[in-house]
4 protein chains.
Amino acid sequence: MSGTIAARGRIEKRQAIVDAAFAVFARAGYAQAGVDVIAAEAGVAKATVYSHFGDKENLLREAIAASADQALARNLATIETLTDHSDDIRASLERVGIRLLECYCDDRSWALRRLLSAEINQFPDLLDIIHTRAAERVTEALADRLARLTVAGHLHTPAPRLAAEQFFALLTGPMDTRARLGTRHVPNSERRAVARAAVHTFLQAFTPKPVGTPSRRSDT
Amino acid sequence: MSGTIAARGRIEKRQAIVDAAFAVFARAGYAQAGVDVIAAEAGVAKATVYSHFGDKENLLREAIAASADQALARNLATIETLTDHSDDIRASLERVGIRLLECYCDDRSWALRRLLSAEINQFPDLLDIIHTRAAERVTEALADRLARLTVAGHLHTPAPRLAAEQFFALLTGPMDTRARLGTRHVPNSERRAVARAAVHTFLQAFTPKPVGTPSRRSDT
Amino acid sequence: MSGTIAARGRIEKRQAIVDAAFAVFARAGYAQAGVDVIAAEAGVAKATVYSHFGDKENLLREAIAASADQALARNLATIETLTDHSDDIRASLERVGIRLLECYCDDRSWALRRLLSAEINQFPDLLDIIHTRAAERVTEALADRLARLTVAGHLHTPAPRLAAEQFFALLTGPMDTRARLGTRHVPNSERRAVARAAVHTFLQAFTPKPVGTPSRRSDT
Amino acid sequence: MSGTIAARGRIEKRQAIVDAAFAVFARAGYAQAGVDVIAAEAGVAKATVYSHFGDKENLLREAIAASADQALARNLATIETLTDHSDDIRASLERVGIRLLECYCDDRSWALRRLLSAEINQFPDLLDIIHTRAAERVTEALADRLARLTVAGHLHTPAPRLAAEQFFALLTGPMDTRARLGTRHVPNSERRAVARAAVHTFLQAFTPKPVGTPSRRSDT
DNA sequence: GATGAATGAGACTTCATTCAT
DNA sequence: TATGAATGAAGTCTCATTCAT
């Protein structure tokens, strides 16, 4: 094929380093993370890390980008299941909400967000990586689906982007305190309850008014 | 007159150190923050920092606790203005929402949250400091007020604690992305818009049903 | 009488500081000994130590000198009991030997010697303090007594100074290894055995030859 | 061939560090010795010292152990020359005594003993290193030889271990004061005199009694 | 290409000493 | 006079990074 055994080994080593780097960064923070430790955890020599990534800063970027890509993929896959095939909009939203919360509460997701918060002053471009690669696209994807559901008459979201933001807020906001920024495990049942409450509030606000009934003014 | 500039009292020096410490920790992160820098910024010798706080770790705790106390005070003061004296519940909530967002978007608040996220793995007890001292009490205070407004007939929040959580979520959730975790300044007008949208959604969900009108079942 | 209450307090404090200093120096070594610790152990403030002794180095000197004086006094008192009143020279020497070993094995004596060894490079004059104040005078005092015993016909020490040195050597030499430089406690019985063996060897060498027998030349 | 001055092998560097460490520790004491200074004296970077020895404490141990091994070797080699090949036991003992005193009075030996005294409180295990590695074995080796000389009829030491202790005591005891713990140089002639006096006294005590023979052989 | 070894810069922390009360 | 507070200098140790094999 395309790769010799040696080349395959190199790529695999690179992947092992990125994985180890994310794990160590997440555990210890950027500054406290030792390149020795990362190298050891990846099973390579310290100099090998440098030959692959140049310096520690770049290693952080790559690790974060890889982690963001993973999170993006899972979130998009979940959102794509939100179609207008079903008539029970509440059940659909709850199912999607629960799965989005699963993504949000994944250990790697918490670690990614914490790392981002931690290093945003030192490396402001990290946020761009994340936002353009993941957060923004997820919100937009959800907004797209809400728009289609509105068109289909299942919802009433005249400002789909704002509605998407609020949907995420209602889902994840209560988790931040409950999960103690990812330090505490939140049981499935509690996650489901939060998701149901979020969907309930969301639907109160964004359910289409029955036809023929004079509706109140909508907001901006 | 007891104090010249050179001869500040011990307490003043302690306060200066705490302030400088929070500023430097917020700017550089715990590990990267140099005690030299903190001391210089506080206008004292490095050893003085140690004589006051023992070690860097304890200094972080004190700085965080002080900052959390400040944030708590501002939030509580705001929430206390949410009374049932006015008939215009929407206006009241919007006013409170806007002021809560001001607290939330204050530079020190962002810094506090980022610092917390950053160091939670190394210092898990920080979260306890914050949660018991600030976050929990703010949420409960808001829940209290929502309950009173419900009793007064202005709202319908059968689960005030959950409603309070959602109110905060609707307010602050959209800010996280818009403010880029505090890196980007969000103009007043945008903050007001977020607050209004949050209050609108909140009221859709928690406005008392008109008397004599059959209401839909609420979920669990 | 001569001192006011305040003055008496000062002198007592000075003594307390010297005692504490010796204890701490002995325990931790000069460099590792903290003036804080000495002050605390003496029950005074750190600055008081400085007002009494000027600096740490001088404090060491005073502490060592005081300790050397104590050791000197005990040794001299013991040696003075070595008279020619008794006919049993062996018993006399053994009694003195045992009591000299008690002095030598006292915790403070070990500490003094260790401290001296430790700091002799940094403070060469310490040795002068000790030697002129104590060691030299003890050896000379013993040499005096050996000379008188020789004159009285109980011993034969044509070179009393050398004999005194060897007496001390036979006594203390075996103790160094047995007591592990003062770290290990040597039981009384063992000390007595060492003293008896020392006296035995000493007497083999320095017992006067029987009268009427042609004696061999003694060496220098 | 392989090693230029700049590129000494790892083992050579290690040896250079140990040597420098012993020199600096001996000169300044453990606490006052700077790792910087040791590194500079060894011609390596400070961090290299740490990569080899972990920490300063361990460096002390290794330096002391190395020095003790050297001293042991010299002492054992000397003692091994004490055979029963010669008939002149006095000359043999004097020769060995002089050479043992040379070992004892070597600068490194003094330094080793001073260092040991100095740090025994902080590092009690140092004494075990020395005792098991050197002191004990030297005394035992001498005791062995004294026993063989007794068997051969040249000496009479029914308790060889004690006799060995006393031989060392008579040799080294007088040196401690004369050499001022190694601070003062003792001329060869004086060392020889001490050795002769020691041997004289030793022989007075441990010469075999003539069996049925009228007079003993005269000494030198 | 991968690695063991080395290093320079810098971090936290301590401590003898001084000063104003 | 005695002291609490402050400090500058110094020390141990770590770590990201490079170089020769």
Side-chain angles (χ1 to χ4, degrees), chain A residues 4 6-7 9-10 13-14 30-39 43-59, chain B residues 2 4 6-11 13-14 17 30-39 43-57 59, chain C residues 4 6-7 9-10 13 30-39 43-57 59, chain D residues 2-4 6-11 13-14 17 31-39 43-57 59:
Chain A
T4 69
R10 183 166 168 82
K13 273 189 179 170
R14 186 187 167 92
Y30 173 74
Q32 305 272 37
V35 178
D36 311 46
V37 179
I38 294 173
V44 300
K46 192 164 35 160
T48 306
V49 175
Y50 281 89
S51 91
H52 276 269
F53 295 94
D55 63 1
K56 194 184 178 186
E57 192 175 322
N58 193 52
L59 182 54
Chain B
S2 60
T4 70
R8 287 177 295 169
R10 180 152 229 256
I11 297 184
K13 273 190 179 163
R14 186 185 167 93
I17 294 170
Y30 174 75
Q32 303 272 35
V35 178
D36 312 43
V37 179
I38 293 173
V44 301
K46 199 176 5 173
T48 305
V49 175
Y50 282 91
S51 99
H52 276 268
F53 295 95
D55 63 2
K56 195 185 176 185
E57 191 174 321
L59 181 53
Chain C
T4 70
R10 184 166 168 81
K13 274 188 180 172
Y30 174 74
Q32 304 273 38
V35 177
D36 311 47
V37 178
I38 294 172
V44 300
K46 192 166 33 163
T48 305
V49 175
Y50 281 90
S51 90
H52 275 268
F53 295 94
D55 64 2
K56 194 185 177 186
E57 191 175 321
L59 182 54
Chain D
S2 65
T4 70
R8 286 176 298 170
R10 180 152 227 256
I11 296 185
K13 274 189 179 163
R14 187 187 166 93
I17 294 171
Q32 303 272 35
V35 178
D36 313 43
V37 179
I38 293 172
V44 302
K46 198 177 6 173
T48 305
V49 175
Y50 282 92
S51 98
H52 276 268
F53 295 96
D55 63 2
K56 195 185 175 185
E57 191 175 322
L59 180 53

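Source: prediction; values computed, not measured. What's counted below: heavy atoms across the whole structure, side chains too, no hydrogens, waters or symmetry copies. Lettering follows sequence order; numbering is per chain, from 1.
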Asks: Measure the distance from CG on Leu59(B) to C1' on dA11(E) and round it to the nearest whole Å.
Replies: 15 Å
Asks: Does Lys56(C) use its side chain to pair, donor to acceptor, with the backbone of Tyr30(C) at less than 3.5 Å?
Replies: yes
Asks: Given Lys46(B), which of Ile38(B), Val35(B), Val37(B) fulfils the side-chain contact (heavy atoms from CB on, under 4.5 Å) condition?
Replies: Val35(B)
Asks: Please name the pair of heavy atoms, one in Ala31(B) and one in Ala31(A), separated by the smallest distance, quoted to 0.1 Å.
Replies: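 For Ala31(B) and Ala31(A), the tightest heavy-atom pair comes out as CB-CB, 3.3 Å.
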Asks: Between Asn58(A) and Phe53(A), what is the shortest heavy-atom contact and its length?
Replies: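 Smallest heavy-atom distance, with atoms named: ND2-O, 3.1 Å.
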Asks: If you assign each of Gly54(B) and His52(A) to its closest nucleotide in DNA chain E, which residue comes earlier from the 5' end?
Replies: His52(A)
Asks: Assign each of Ala45(C) and Asp55(A) to its nearest nucleotide of DNA chain F by heavy atoms, then name whichever residue's nucleotide is nearer the 5' end.
Replies: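 Upstream on the strand: Ala45(C).
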Asks: Whole angstroms only, please: what is the CZ-P distance between Phe53(A) and dA16(F)?
Replies: 15 Å
Asks: Could you tell me the Watson-Crick or G-U partner of dT21(E), where both distances fall under 3.5 Å? Say none if there is no partner.
Replies: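 Paired with dT21(E), as far as the under-3.5 Å criterion goes, is dA2(F).
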Asks: Would you say the base of dT13(E) and the side-chain of Lys46(B) have a donor-acceptor pair closer than 3.5 Å?
Replies: yes
Asks: Take atom OH of Tyr50(A) and atom P of dA6(E), then tell me their distance rounded to the nearest Å.
Replies: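 Whole-Å distance recorded here is 18 Å.
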Asks: Nearest 0.5 angstrom please: Leu59(D) CG to His52(D) NE2, how far?
Replies: 11.0 Å
Asks: Give the rounded distance in Å between these two atoms: CD of Gln32(B) and P of dA9(E).
Replies: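 Computing the Gln32(B):CD to dA9(E):P distance gives 18 Å.
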Asks: Give Asp36(D) one of three labels, base, sugar-phosphate or nothing, depending on what nucleic acid heavy atoms sit under 4.0 Å from its own.
Replies: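 Base: the residue Asp36(D), judged by heavy atoms under 4.0 Å, touches a nucleobase.
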Asks: Output the rounded distance in Å from CD1 (Ile11(D)) to P (dG4(E)).
Replies: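 Atom-to-atom, Ile11(D) to dG4(E), this comes out as 16 Å.
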Asks: Between C1' on dA5(E) and CD1 on Ile17(D), what's the gap in Å once rounded to a whole number?
Replies: 11 Å
Asks: Taking the nucleotide of DNA chain E with the nearest heavy atom to each, does Ala33(B) or Glu57(C) sit closer to the 5' end?
Replies: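 Looking at the nearest nucleotide for each, Ala33(B) comes out on the 5' side.
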Asks: Starting at atom CD1 of Ile38(A), determine the distance to atom C1' of dC15(F), rounded to an integer number of angstrom.
Replies: 12 Å
Asks: I'd like to know if Lys13(A) reaches the base of dG1(E) with its side chain such that a donor and an acceptor end up less than 3.5 angstrom apart.
Replies: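 Answer is no: no donor-acceptor pair is held.
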Asks: At 4.0 Å (heavy atoms only), tell me whether Ala39(B) reaches a base, stays on the sugar-phosphate, or touches nothing.
Replies: nothing
Asks: Does the side chain of Ser51(C) get closer than 4.0 angstrom to OP1 or OP2 of dA2(F) through an N or O atom?
Replies: yes
Asks: Which residue, Ala47(C) or Lys56(D), contacts DNA chain F at a nucleotide closer to its 5' end, judged by nearest heavy atom?
Replies: Ala47(C)
Asks: Below 4.0 angstrom from OP1 or OP2 of dG4(E), is there any side-chain N or O of Arg10(D)?
Replies: no
Asks: For Arg14(D) and dA6(E), give me the distance from atom CZ to atom P, rounded to whole Å.
Replies: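 The answer, rounded to whole Å, is 11 Å.
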